[in-house]
Every structure is written in structure tokens, then in C-alpha cells.
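Heads up: numbering here begins at 1 and tracks the sequence.
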Amino acid sequence: MGEWSSRVIPIVRGLCLLYVTHKYLGTTVVTYGPSMLPTLGITGNVLLMERISTRTGKLRPGDVVFFRSPENPRRVVCKRLVGMEGDQVTYVVDPKNSDKCNAIVVQKGHVWVEGDNIYNTKDSRNFGAVPYGLVEGKAFWTLLPRKDFGSLAPKPK
């Protein structure tokens, strides 16, 4: 083998390892916007997301998940998992204008997601239950901002 191949092969192997890690194990994700206040900030958080729980069916209500938007599949959004298939979920229909609540049983193969900031979020109350196949992964660690470094905080009461 030539001199060029002894330099190229390690680079190609490294890129393959990065791809497999990103696609099947996990990655870093930057979030922004008000929908997950106070858990996540408006100006941006850098989180670690793992994809294994999604593939093994280990997601649970209370987890912060990333999923492809049912309305715009090019967007990945971050919300809290509230209900799995078969769970009954009670939610406030329009929290800005009333206290009216509805209850729904999450259909098979779907999950119910809501933002922590119910007054400023677009979630399952707007677009319905999300097909499980759109769920990309679960956030488990905050990298930035430094003051929030550590395990992702549980849902505020």
C-alpha cells in the first residue's frame, strides 16, 4: 500500500466511527425557545441525547425526548414525554384562556408529549399523539450552560 493509503484509512475509519456513534448511540443537541422553561433556557442549552432507550423501548413518562415534528419532519423538537401507548392523559386544552381539561387514551404506537411551559408551547395538545417512530432519542445530560451542567433536572412541580 502506498503512503497516501496509510493516512487515508485511519481517517475513513474515524469518520465511520463518528457516523455510527451519531446514528445509533447518541449525539449532542442544541435546544432553544421557551417551550421547555424552566427546565431548559430560551437562549440555548447543549444536551447529550442517547438513542438506545428509544430503540430498546425504555422510554418512560417524565423523560425529555427529541422527535421529528409531525407537522414539519425537517425539524427536531424537544418536549417532555407525558404518556405512552395505552396511558390515559389529562391535559388543559387552552391554558391561556381557560381551565377546561380533556382526557385521552394514547393510541397504540404513539406517545403524548408536552412542553414544560404550557403557556408557550406547541405540543401534543396541538398536533395530537406523536408516532413512536418519530422519536429520535432521550436527553440525559446538560453540558451548557455551565451552571446547569449535570444530569437533566426532573419536571418542576
- Cationic N near anionic O, under 4.0 Å, Asp94 to Lys96: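 No, no charged N to carboxylate O under 4.0 Å.
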- With a 4.0 Å cut-off, would you call Lys79 and Asp123 a salt bridge?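 No, Lys79 and Asp123 are not salt-bridged.
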Quick one: does any side-chain atom of [X] pair with a main-chain N or O of [Y] as donor and acceptor, under 3.5 Å?
X	Y	result
Ser69	Pro73	no
Thr121	Asn117	no
Asn72	Arg74	yes

- Message: Can you tell me which residue among Val113, Asn45, Thr39, Thr31 is in a side chain to side chain contact (heavy atoms under 4.5 Å, CB included) with Cys78?
- Response: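 Among the candidates, only Thr31 passes.
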- For a side chain to side chain contact (heavy atoms under 4.5 Å, CB included) with Leu143, tell me which candidate from Val29, Leu47, Val46, Val30 qualifies.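 Exactly one candidate clears the test, Val46.
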Under a single-linkage definition using a 4.5 Å side-chain heavy-atom cutoff for Ile, Leu, Val, Met, Phe, Trp and Tyr, are [X] and [Y] assigned to the same hydrophobic cluster?
X	Y	answer
Trp141	Leu25	no
Phe149	Phe140	yes
Leu144	Leu40	no
Met49	Met36	yes
Val64	Val111	no

Between [atom1] on residue [X] and [atom2] on residue [Y], distance to nearest 0.5 Å:
X	Y	atom1	atom2	result
Lys58	Ser53	NZ	OG	8.5 Å
Glu50	Lys138	CD	NZ	5.0 Å
Asp116	Ser35	CG	OG	8.0 Å
Glu114	Asn126	CD	CG	10.0 Å
Cys16	Ile11	SG	CD1	12.0 Å

- Trp112 and Tyr91 aromatic ring geometry - parallel, tilted or perpendicular at 30°/60° bounds: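 It falls in the tilted class, 30° to 60°.
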Please give me the minimum heavy-atom distance between [X] and [Y], naming the atom from each residue.
X	Y	value
Val130	Leu134	CG1-CB, 4.0 Å
Glu136	Arg51	OE1-NH1, 3.3 Å
Val106	His110	CG1-O, 3.4 Å
Pro145	Gly44	CD-O, 4.1 Å
Val135	Phe67	CA-CB, 3.7 Å
Leu59	Thr54	CD1-OG1, 4.1 Å

Within-4.5 Å side-chain heavy-atom neighbours: [X] and [Y]:
X	Y	answer
Ile118	Arg125	yes
Glu71	Lys122	yes
Phe66	Val76	yes
Glu85	Gln107	no

- Verify the neighbour count for atom CZ of Phe127: are there more than 12 heavy atoms of other residues, nucleotides or ligands below 6.0 Å?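 Above 12, so yes.
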- Just checking, any donor-acceptor pair under 3.5 angstrom between side chains of Asp148 and Thr142?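 Side chains of Asp148 and Thr142: no pair found under 3.5 Å.
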